[in-house]
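Here is the structure we will look at.
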Amino acid sequence: MTSSPTPAPERYNAKDAEPRWQEAWAAQGIYATRNDDERPKYYVLEMFPYPSGRIHMGHVRNYAMGDVVARYKRAKGFAVLHPMGWDAFGLPAENAAMERKVNPREWTYANIATMRGQLQSMGLSLDWSREIATCDPDYYKHQQRMFLDFLAKGLVTRRTAKVNWDPVDHTVLANEQVIDGRGWRSGALVEQRELTQWFFKITDFAQDLYDALDGLERWPEKVRVMQKNWIGRSEGLEVRFALDGASGDASEVKVYTTRPDTLFGAKFLAIAADHPIAASVAATRPELQTFIEECRRTGTAQAAIDTAEKLGFDTGLRARHPLDPSWLLPVYVANFVLMEYGTGAVFGCPAHDQRDLDFSNKYGLGNTPVVCPEDLDAASFVITDTAYDGDGRMINSSFLDDMTTDEAFHAVANRLEGEILDGEPVAQRKVQFRLRDWGVSRQRYWGCPIPIIHCEACGPVPVPVSDLPVKLPDEVSFDTPGNPLERDHAWRNVPCPQCGAPARRETDTMDTFVDSSWYYARFTAPWLTDAPTDRAAVDHWLAVDQYIGGIEHAILHLLYARFFTRAMQATGWSGVSEPFAGLFTQGMVVHETYKDQAGAWVQPADIRITAEGGERQAFHVKTDAPISIGSIEKMSKSKKNVVDPDDIIASYGADTARWFMLSDSPPERDVIWTEDGVQGAARFVQRVWRLVSLAAGVSTGEGATDAVLRKAAHKALAAVEEDVERLRFNRCVAHIYTLSNALDEALRAGSVSRSAAMEAAGILTQLVAPMMPHLAEECWSALGREGLVAQAAWPAVDRALLVEDEITLPVQLNGKKRADVTVPRTADTATVEALVLADEAVRKALEGRSPRKVIVVPGRIVNLVV
RNA sequence: GCGGACGUGGCGAAACCGGUAGACGCACGAGACUUAAAAUCUUGCGGCUGAAAGGCUGUGCGGGUUCGAGUCCCGCCGUCCGCACCA
């Protein structure tokens, strides 16, 4: 550097620079992606937001991560698709309509406008020309088309089913939307009702959805395990038990079991309260009817299940044991048997199932152990109040004795499958899934109308494709609870498309999870008016290479989307069955909570914190009253521990917010939002600007530190490259800090040449660019580089700079570090050993002893054993 | 109950295949500049010990394997998440 003092550069002004660069990007349309781009494709997608009103910090974190990937891949030469849209149907719009008398559509579009502006102020490299909103008829029209196609393919059915009814939201909920017996949105206790519903037959794909999970290598293990458990595959045997002295329809009970090996331990049969046989017996026995109603009332609530006693009612029926027709088993109606799973009936084996044992002990049915653990003596093996569900040797089991449980399973299955009763085998091997079909009917207004017309004569008739979309009526009233579509007679009453007779529209709308099950496919050609997708575009862009979103969608959304691509494949709308090749689930943004003396929550903006001597104390900014600092929790309005992204962008700029969201915590973990952290990020923004400005001002310099600086720059470049690929943004941040420290040192020493300073500053700028794009543009132009850094190619790593000529090896004595010895990189093991043993510090530590063994790990370490 | 993840300074964390534990940042302490503050800079920062060089010790606890363990194995303890009467 010159000896004349360089004037301190001006501070970087984010407020001025950010909108300026956003305009430059928009003016040149550099983030719009063409489908005919011939470079290799890369599709990066963040879960699209519900337009609730304003973006929150969770969005900032999610979209900052996606944007880093998009910008990096673009620089790496990929044709990047990075679109954004709105998951715009849903209950909050209707709630707003009821509470504030606003139209749901207007409310939703106003929110979209606000949030689009907020996202744009973040400087995200999104292709806004592909923006979609699921509440737009141009979107849901195609969803209706696919519904009809699925229906024609047999992937949609209509049936009466017991459904979860949310009495607060006045709607049906899918099983997935009932949490601990309560509605996922309203928190109301869910009731059971019989309704006619539309279902997507997701169970048709149960096996494939299960098997294909193993191929999703770039999904978190956790999510794959959760989906596996949810699909709940089990292998077992369906066994027919003939009822003694009965005939006709109710002459047998079918039972599903995964443990046919324990059949000789059977003590009873139990059927669900909703089982048809229970109903037929109850017809003549009012006490049983009373019992069945009690069972229904207990419901499925968590607390009820935990505390509910195993209760049963002896029907008086007796079932013949399939392996010994002279053996009769009592048939109970029991409150713990679920009609929805298997056949709604089980055989009870008290010795080897805890539930059955509890039941048996209560009703005095006894138990017979039939599986003896390998290490125990069969003669003394008894079960009292703990069932044994492990493996072992068969005992007390006739022809099964001495087999393993596994052998016994197959022996029983083989025998019963071969035995024919009334023209059918007594038993059949069967794979059973826990997964149920997806009920999609919702009794709501603000959703995609189901394109069906109900005709007295013709039944449910599909709306002709040429009549799509079935548009929602604009003017609706929310004065009375329930679905306004039912009260809108002008909308509802239409002629039957088949016979022309007066008919009525289906007034249910689709679950909003349907909307989000295919939006990623629509993004590939959102301009199409006559078809949901363009096969060439879908097959080109899918699967999404990197999908990023919250873990809360691990089951619902991700499973529905996986089903949907399969259904689209079956109906020709997609050639791809898995929608998301790579999935990343990011952690939450959390914040400290604050309470005043009265115990009321106080928002962070009203807090001042002191930390003298390391002890943190909080005070109210206005009253100076002491505030107690509480636990760190997910940002939520109720606890007032929210920080508004708009405020942060206004006072620090988007780059600061983005940088902070990406630093410190690993992206899959929660990140704690702190004022100190934001200020640290803001300081770094200034530091980068200062260093780049200083580097741009270097004119002379003999270049003594050039080699060191170039090494640091290329090391950082290589490291950031590797870590961005693996989404380890916190490590990228650390490497960038390290490079800026090196550049700072070199500039301060004043011995760096202009070309080396410019190179390092350029690399620093490009490393920072995916994370802080506005600052990077400003730096890029300060360095006098051509065009936009957003369009610049990623710099090439000079691998030669990554290898050191000399390496400093730690030397251990019996595993404890005693010295450092510097050796040439190319030195062989013998040379290293000689150099180490000649080292002064090593000789001192050896105290004259000679090592018994010398372990040289090339390039790593040397260990001397004495 | 079943399944999964995790446990490292005051804090967020890093440590790739078993090879220098604590990179990088935050906070904090001392100092420089300043009338003062901010900003910036210098410096210290796991614990014990020492003037320093250094020594001892240290990754939830107890064992083990190894020349060498935060990392692998066995057994505990704790925290978090998911599922849950699924036959």
Side-chain angles (χ1 to χ4, degrees), chain A residues 8 11 180 220-230 232-234 236 255-259 262 270 272 298 300 302 304-306 308 310 334-338 340-349 353-356 358-359 389 432-436 551-552 554-555 609 611-616 660 663-666 668-672 674-681 683-684 686-687 690 722 726 728 730-741 744 748 808-820 851-857 859-866:
Chain A
R11 287 177 65 77
D180 296 343
E221 178 65 20
K222 181 189 170 83
V223 176
R224 289 192 288 176
V225 168
M226 281 165 73
Q227 290 217 353
K228 278 205 169 183
N229 291 340
W230 190 262
R233 185 182 190 278
S234 71
V255 155
Y256 176 73
T257 178
T258 55
R259 294 295 303 274
T262 64
T298 319
T300 55
Q302 180 70 55
I305 290 166
D306 282 348
K310 305 277 174 281
N335 64 348
F336 64 88
V337 181
L338 306 171
E340 301 81 35
Y341 186 79
T343 58
V346 299
F347 87 85
C349 178
D353 182 287
Q354 191 58 47
R355 237 180 4 215
D356 296 345
D358 293 345
F359 188 82
D389 61 3
Q432 188 73 45
F433 295 96
R434 207 188 73 118
L435 184 71
R436 323 265 168 80
I551 185 75
E552 66 273 20
I555 295 174
I609 293 197
E612 258 140 78
E615 190 163 332
R616 300 178 70 243
F660 177 53
S663 41
D664 285 351
S665 286
E668 69 278 7
R669 258 183 253 178
D670 291 352
V671 66
I672 306 169
T674 61
E675 189 59 27
D676 284 334
V678 184
Q679 281 172 10
R683 268 200 303 275
F684 185 65
Q686 295 301 335
R687 184 154 181 244
R690 195 171 59 244
E722 193 189 323
R726 291 155 84 168
R728 301 196 290 199
N730 57 319
R731 292 182 22 144
C732 295
V733 165
H735 301 312
I736 291 170
Y737 272 115
T738 306
L739 172 57
S740 58
N741 288 344
D744 203 346
R748 211 177 288 282
T808 300
L809 293 177
V811 178
Q812 295 183 331
L813 200 66
N814 292 334
K816 287 194 178 182
K817 195 195 158 196
R818 283 292 180 264
D820 285 310
R852 216 155 27 88
K853 198 170 165 189
V854 180
I855 294 146
V856 179
V857 185
R860 281 276 183 201
I861 203 165
V862 177
N863 193 13
L864 308 175
V865 187
V866 290

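The basis for the numbers below is simple: all heavy atoms, side chains too, and nothing from hydrogens, waters or symmetry mates. Residue numbering restarts at 1 for every chain, and letters A, B, ... go by the order of the sequence lines. Worth saying up front: this structure is predicted, and the values here are computed from it rather than measured.
Dashed line: the shortest gap from a side-chain N or O of A/R690 to OP1 or OP2 of B/rC41 is under 4.0 Å. Side-chain nitrogen and oxygen atoms of A/Y341 include at least one within less than 4.0 Å of the OP1 or OP2 phosphate oxygen of B/rA87. Neither OP1 nor OP2 of B/rA23 sits under 4.0 Å from any side-chain N or O of A/N741. One finds a side-chain N or O of A/R683 lying less than 4.0 angstrom from the OP1 or OP2 phosphate oxygen of B/rA27. Considering only side-chain N and O atoms, A/K222 lies nowhere under 4.0 angstrom from the phosphate OP1 or OP2 of B/rG3. For B/rA87, neither phosphate oxygen OP1 nor OP2 lies less than 4.0 angstrom from any side-chain nitrogen or oxygen of A/R259. Here A/R434 reaches the OP1 or OP2 of B/rA84: one of its side-chain N or O atoms lies under 4.0 Å away. The shortest distance between the side-chain N/O atoms of A/N730 and the OP1/OP2 oxygens of B/rA14 is below 4.0 Å.
When distances run from any side-chain atom of A/R748 to the nucleotides B/rC67, B/rC85, B/rU42, the shortest one goes to B/rU42. Residue A/D744 places its side chain closer to B/rC41 than to any other of B/rC41, B/rG3, B/rU40. Nearest nucleotide to the side chain of A/R818, out of B/rC26, B/rA14, B/rG55: B/rG55. With B/rA87, B/rG19, B/rC67 as the candidates, the nucleotide lying closest to the side chain of A/T257 is B/rA87. Comparing B/rA39, B/rU40, B/rA23 against the side chain of A/A734 picks out B/rA23 as the nearest. Closest contact between the side chain of A/K310 and the listed nucleotides B/rC85, B/rG82, B/rG3 involves B/rC85. Here the nucleotide nearest the side chain of A/R436, chosen from B/rC86, B/rA13, B/rG68, is B/rC86. Side-chain proximity of A/V346 to the nucleotides B/rC81, B/rA87, B/rG19 is greatest for B/rA87. Proximity note for A/W230 (side chain, C-beta onward) versus B/rA84, B/rU20, B/rC26: the nearest is B/rA84. Closest to the side chain of A/Y737, out of B/rC67, B/rA13, B/rC24, is B/rC24.
Residues A/N814 and A/N863 come closest through the heavy atom pair N-OD1, 3.5 Å. Residues A/V255 and A/T343 come closest through the heavy atom pair CA-OG1, 3.5 Å. The nearest pair of heavy atoms linking A/G342 to A/Y256 is CA-CB, 4.3 Å.
For the side-chain contact (heavy atoms from CB on, under 4.5 Å) test, residues two or more places apart in sequence or in another chain that qualify with A/Q354 are A/L357, A/D358, A/T386, A/A387. In terms of the side-chain hydrogen bond (donor to acceptor under 3.5 Å, both in side chains) criterion, A/Q812 has no residue partners (sequence neighbours excluded).
Counting atom types as modelled, A/D676 pairs no side-chain N or O with a base atom of B/rC26 as donor and acceptor under 3.5 Å.
Consecutive Watson-Crick or G-U pairing (both distances under 3.5 Å) extending over three or more pairs maps onto RNA chain B as B:1-7 with B:77-83, B:10-12 with B:24-26, B:28-32 with B:40-44, B:46-49 with B:54-57, B:60-64 with B:72-76.
Two residues are said to be in side-chain contact when any heavy atoms from C-beta on lie closer than 4.5 Å; A/R259 and A/C349 fail this criterion.
Across B/rA39 and B/rA27, the matching P atoms stand 10 Å from one another, rounded to whole Å.
For A/D670 and A/D820, each mapped to the nucleotide of RNA chain B holding its nearest heavy atom, the one lying further toward the 5' end belongs to A/D670.
In B/rG9 the base sits syn relative to the sugar, since the glycosidic angle is no further than 90° from 0.
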